[in-house]
Peer 1: 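Below is a structure I'd like to ask you about.
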Amino acid sequence: MAQYSVIVPAYKENNNLRPLVTRIFAALRRIDSPVPADQTEVIIVDDNSRDGSVETVSALRQEGYNVRIIVRTD
């Protein structure tokens, strides 16, 4: 279970999600990071942009990144 969460608001940001998530975890994996990568999750809060963000997050999860998406529909 994650002890730390990074919350990312998003709307039509699909093209930026992969670079953002991979850079966040790369920074957390550095030896001098005060927050361990294996105790951190990234939560994307998407305003129902329907731009492929859900699929990108799913692919990142399959690659082993601790990321999930919440799609706001109202």
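No experiment lies behind these values; they were computed from the predicted model shown.
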Peer 1: Yes or no on side chain to side chain contact (heavy atoms under 4.5 Å, CB included) for I43 and V8, after CA distance, side-chain angles and deciding distance?
Peer 2: CA-CA 6 Å; I43 302 170; V8 179; over 6 Å; no

Peer 1: Keeping N66 on the side-chain end and D38 on the backbone end, is there a donor-acceptor pair under 3.5 Å?
Peer 2: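 Here the side-chain-to-backbone pair does not exist.
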
Peer 1: Treating Ile, Leu, Val, Met, Phe, Trp and Tyr as nodes and any side-chain heavy-atom pair under 4.5 angstrom as an edge, say whether Y65 and V35 lie in one connected cluster.
Peer 2: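 Per the 4.5 Å side-chain linkage, Y65 and V35 are co-clustered.
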
Peer 1: I'd like to know if I44 and Y4 are part of one continuous hydrophobic network [Ile/Leu/Val/Met/Phe/Trp/Tyr, side-chain heavy atoms within less than 4.5 Å].
Peer 2: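 In one cluster with Y4: I44, yes.
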
Peer 1: Can V6 and E41 be said to form a side chain to side chain contact (heavy atoms under 4.5 Å, CB included), step by step?
Peer 2: CA-CA 6 Å; V6 178; E41 67 179 342; over 6 Å; no

Peer 1: Give a yes-or-no answer on whether the side chains of T56 and N14 include a donor-acceptor pair shorter than 3.5 Å.
Peer 2: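 There is such a pair between these side chains.
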
Peer 1: Any salt bridge between D47 and R72, counting N to O under 4.0 Å?
Peer 2: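 The answer is yes: the pair qualifies as a salt bridge.
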
Peer 1: What's the separation between atom CG in L17 and atom CG in L60, rounded to the nearest 0.5 Å?
Peer 2: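 CG of L60 is found 7.5 Å from CG of L17.
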
Peer 1: Could you measure the distance from the OG atom of S58 to the CD atom of E63? Nearest 0.5 Å is fine.
Peer 2: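 CD of E63 is found 10.0 Å from OG of S58.
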
Peer 1: Do T22 side-chain atoms and R18 backbone N/O form a donor-acceptor pair below 3.5 Å?
Peer 2: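 Yes; judged by distance alone, with no hydrogens or angles, the pair exists.
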
Peer 1: Below 3.5 Å, can you tabulate the donor-acceptor pairs from side chains in residues 23-31 to any protein atom, sequence neighbours excluded?
Peer 2:
| from | atom 1 | to | atom 2 | distance (Å) |
| --- | --- | --- | --- | --- |
| R30 | NE | D32 | OD1 | 3.0 |
| R30 | NH2 | D32 | OD1 | 3.3 |
| R30 | NH2 | D32 | OD2 | 3.0 |

Peer 1: Using the rule that Ile, Leu, Val, Met, Phe, Trp and Tyr join whenever any side-chain heavy atoms are under 4.5 Å apart, tell me whether V67 and I7 fall into a single cluster.
Peer 2: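 V67 does not cluster with I7.
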
Peer 1: To the nearest 0.5 Å, how far apart are CZ in R50 and OG1 in T73?
Peer 2: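 Reported to 0.5 Å precision, the distance equals 9.0 Å.
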
Peer 1: Distance from E13 atom CD to S49 atom OG, nearest 0.5 Å?
Peer 2: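 So the gap between those two atoms works out to 8.5 Å.
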
